[in-house]
Each structure stands twice: as C-alpha cells, then as structure tokens.
There are 2 protein chains.
Amino acid sequence: MIMTLNITFQALADPSRRKILEILKKKDMSVSEILKHFDITMPSLSHHLNILKQAGLVTFQRKGQELIYSLNLSVFEQTAKTLIKFFK
Amino acid sequence: MIMTLNITFQALADPSRRKILEILKKKDMSVSEILKHFDITMPSLSHHLNILKQAGLVTFQRKGQELIYSLNLSVFEQTAKTLIKFFK
DNA sequence: TAGATATTTAGACAACTATCTAAATTATAG
DNA sequence: CTATAATTTAGATAGTTGTCTAAATATCTA
C-alpha cells in the first residue's frame with residue numbers, strides 16, 4: 001500500500017495527468033478524443049495514460065479500433081482515505 | 001488552489017519526503033534529529049524540507065541554534081478534501 | 001489481402017531533480 | 001570577539017522524466 005501510494009502521488013504530481021483525469025471525469029473517451037484537449041503529441045499522451053494506468057487511476061477497454069479510457073474512482077477514494085488516516 | 005495542489009502532490013511524490021512527514025507525525029524535531037532517520041547528507045535533507053515548506057506541509061520555528069520542524073496537518077486535511085471533492 | 005485509422009513502442013534529447021562537497025549564514029558559549 | 005554548532009546556500013553531477021519523431025502493432029473496411 002505504501003508502494004502504491006508512491007506510484008499514485010507520482011502520477012498525480014503532473015498537471016497534464018491531472019487534466020486527463022478531469023477530462024475523463026465528464027465522460028469516458030478514446031485517446032484521440034482526449035488528445036483534442038491537449039497540445040502534445042499522441043505518443044506523449046500515451047505515455048501519460050500509461051503512468052495513470054500503472055497507478056490504477058484509469059482503466060480502458062477496446063472498442064473496435066479505439067481504446068476507451070475511464071476513470072477509476074475507487075483509487076481516488078482510497079488515496080484520499082489513506083491521506084486522512086495517515087496524518088490524523 | 002490548483003497550483004497549490006500541483007506543489008502539494010509534487011512534494012508528496014517523493015518517498016523521502018513522505019518519510020519526513022511520518023517522522024514528524026510522532027513529534028516536532030530539529031533537522032539534525034530528523035537526519036538520524038536517514039542515510040542522506042544534511043544539505044539533501046534541507047532541500048527536501050524546503051520543498052515541504054513551500055508546499056505548506058511543514059512549518060518551523062527557531063529554538064536557539066536549532067530549527068524545530070512541525071507537521072502542518074491542515075494542509076493534509078485540505079488535500080484529502082480536495083481529492084474527495086474533485087473526483088466524486 | 002491491402003489500405004486506412006487508432007494507438008503503442010522505441011530511441012533520442014532537453015529539462016528537472018536528488019544528491020553530493022564546499023562554503024556561507026546564524027546563533028550560542030566561553 | 002573567537003570558536004563551535006546547526007542549518008542553509010551554491011555549484012556540480014548523475015539519474016529521472018516529459019517530450020518529440022519514426023516505426024511497429026492492432027483493428028476495421030473494401
């Protein structure tokens with residue numbers, strides 16, 4: 001759980017990644033769709049998505065040619081709870 | 001607040017810094033006292049303390065030659081609340 | 001199967017960061 | 001005031017990270 005916390009905070013530390021999460025909060029989206037909100041290349045976005053995936057903050061499922069990404073809210077909840085429990 | 005979140009997560013992303021916070025949870029401590037728990041040099045520790053200071057996660061007050069560092073719990077609480085509010 | 005579309009992987013590179021040693025600053029004690 | 005102790009600041013360096021271009025992989029459609 002400590003190790004997970006490490007990865008989670010590292011994932012959340014980047015503004016682009018937090019923006020991805022905000023965007024996905026509205027609805028599930030394909031990579032191309034997410035990309036429209038950014039001024040970076042597809043491989044860079046893919047890199048960020050990978051880090052978010054490793055942290056368990058997002059999941060995806062293939063739909064034809066597209067990969068549809070979704071938020072994994074339970075990890076946020078878990079992280080928030082850990083923060084609270086850890087320091088109170 | 002978004003900018004603050006940025007700095008906060010960045011501060012929390014480093015394991016050494018989270019360890020400092022854990023140590024300070026037990027009691028307020030001077031820099032030398034904190035250092036005993038680590039295998040890094042004093043300047044490195046000072047660097048980490050500086051980042052934690054900027055994030056508002058710790059505060060300090062001088063006591064003679066020593067600087068006594070303390071946790072600032074309210075920032076944790078705030079961060080946890082922001083996490084919860086933001087993603088639920 | 002060939003061509004088009006969506007995404008990832010590989011490899012390179014500049015910027016950032018954690019660490020170190022050495023020097024400077026701040027405060028106490030004699 | 002000088003020596004000592006505690007901490008920070010400065011400057012250098014190796015490792016990490018975010019970004020890019022180019023190439024590879026996976027899926028669909030004709």
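Everything numeric in this text was worked out from a predicted model, so none of it was measured.
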Contact list for residues 55-67 of chain B, test side chain to side chain donor-acceptor pair (under 3.5 Å), sequence neighbours left out: none
Restricting to salt bridge (Lys or Arg N to Asp or Glu O under 4.0 Å), what partner residues turn up for B/Lys36, sequence neighbours left out? none
Between protein and nucleic acid, restricted to nucleotides 20-23 of chain C and to nitrogen or oxygen atoms under 3.5 Å apart, what atom pairs and distances do you find?
unit_1: C/dC20; atom_1: OP2; unit_2: B/Thr41; atom_2: N; d: 2.8
unit_1: C/dC20; atom_1: OP2; unit_2: B/Thr41; atom_2: OG1; d: 2.8
unit_1: C/dC20; atom_1: OP2; unit_2: B/Ser44; atom_2: OG; d: 2.6

Here the distance between atom C1' of C/dT7 and atom CD of A/Gln61, to the nearest Å, is 16 Å
Rounded to the nearest Å, what distance is computed from the CG atom of residue A/Asn6 to the C1' atom of nucleotide D/dT17? 15 Å
For B/Leu24, enumerate each residue passing the side chain to side chain contact (heavy atoms under 4.5 Å, CB included) test, keeping only those at least two apart in sequence or located in another chain. B/Ile20, B/Met29, B/Ile34, B/Val58, B/Tyr69, B/Leu71
Remember a base hit wins even if backbone is also touched, and classify A/Asn50 as base, sugar-phosphate or nothing at under 4.0 Å, heavy atoms. nothing
Which pairs count as ring-ring contact (aromatic ring centres under 6.0 Å, His included) when at least one residue sits in residues 4-45 of chain A, sequence neighbours excluded? none
Any side-chain N or O of B/Tyr69 less than 4.0 Å from the OP1 or OP2 oxygen of D/dT8? yes
Residue-phosphate contact under 4.0 Å: A/His47 side-chain N/O, D/dC20 OP1/OP2: no
Residue list, side chain to side chain contact (heavy atoms under 4.5 Å, CB included) with A/Thr41, at least two apart or on another chain: A/Pro43, A/Ser44
By side chain to side chain donor-acceptor pair (under 3.5 Å), A/His47 pairs with (sequence neighbours left out) none
Residues B/Arg18, B/Glu22: salt bridge by 4.0 Å N-O rule: no
Taking N or O atoms only and anything under 3.5 Å, show me the protein contacts with nucleotides 26-30 of chain D, one pair per line.
unit_1: D/dT27; atom_1: O3'; unit_2: A/Gly64; atom_2: O; d: 3.4
unit_1: D/dT27; atom_1: O2; unit_2: A/Gln65; atom_2: NE2; d: 3.4

Between protein and nucleic acid, restricted to nucleotides 13-16 of chain D and to nitrogen or oxygen atoms under 3.5 Å apart, what atom pairs and distances do you find?
none

Residues at least two apart in sequence or cross-chain that pass side chain to side chain donor-acceptor pair (under 3.5 Å) with A/Asp28, listed by chain then number, are A/Ser70
Tell me what A/Ile34 touches on the nucleic acid: a base, only sugar-phosphate, or nothing, going by heavy atoms under 4.0 Å. nothing
Results of side chain to side chain contact (heavy atoms under 4.5 Å, CB included) for B/Ser46 - residues two or more places apart only: none
Whole-Å distance between C/dT26 P and B/Phe60 CZ? 12 Å
For B/Glu33 and D/dT7, give me the distance from atom CD to atom C1', rounded to whole Å. 15 Å
For B/Lys27, all residues meeting salt bridge (Lys or Arg N to Asp or Glu O under 4.0 Å), sequence neighbours excluded: B/Glu33
Going from CD on A/Glu77 to CG on A/Leu73, what distance comes out if it is rounded to the nearest 0.5 angstrom? 8.0 Å
Rounded to whole Å, CE of A/Met29 lies from C1' of C/dA6 at a distance of 17 Å
Can you tell me which nucleotide in C/dA6, C/dT19, D/dT9 comes closest to the side chain of A/Ser32? C/dA6
Between D/dT7 atom C1' and B/His48 atom NE2, what is the distance in whole Å? 16 Å
I need the CD1-C1' distance between A/Ile20 and D/dG18, as an integer number of Å. 12 Å
To the closest 0.5 Å, what do you measure between CZ (A/Arg17) and CG (A/Leu12)? 8.5 Å
Send over the distance from A/Leu67 CG to C/dT8 C1', rounded to a whole Å. 9 Å
NA contact type, B/Ile68, heavy-atom cut-off 4.0 Å: base, sugar-phosphate, or nothing? nothing
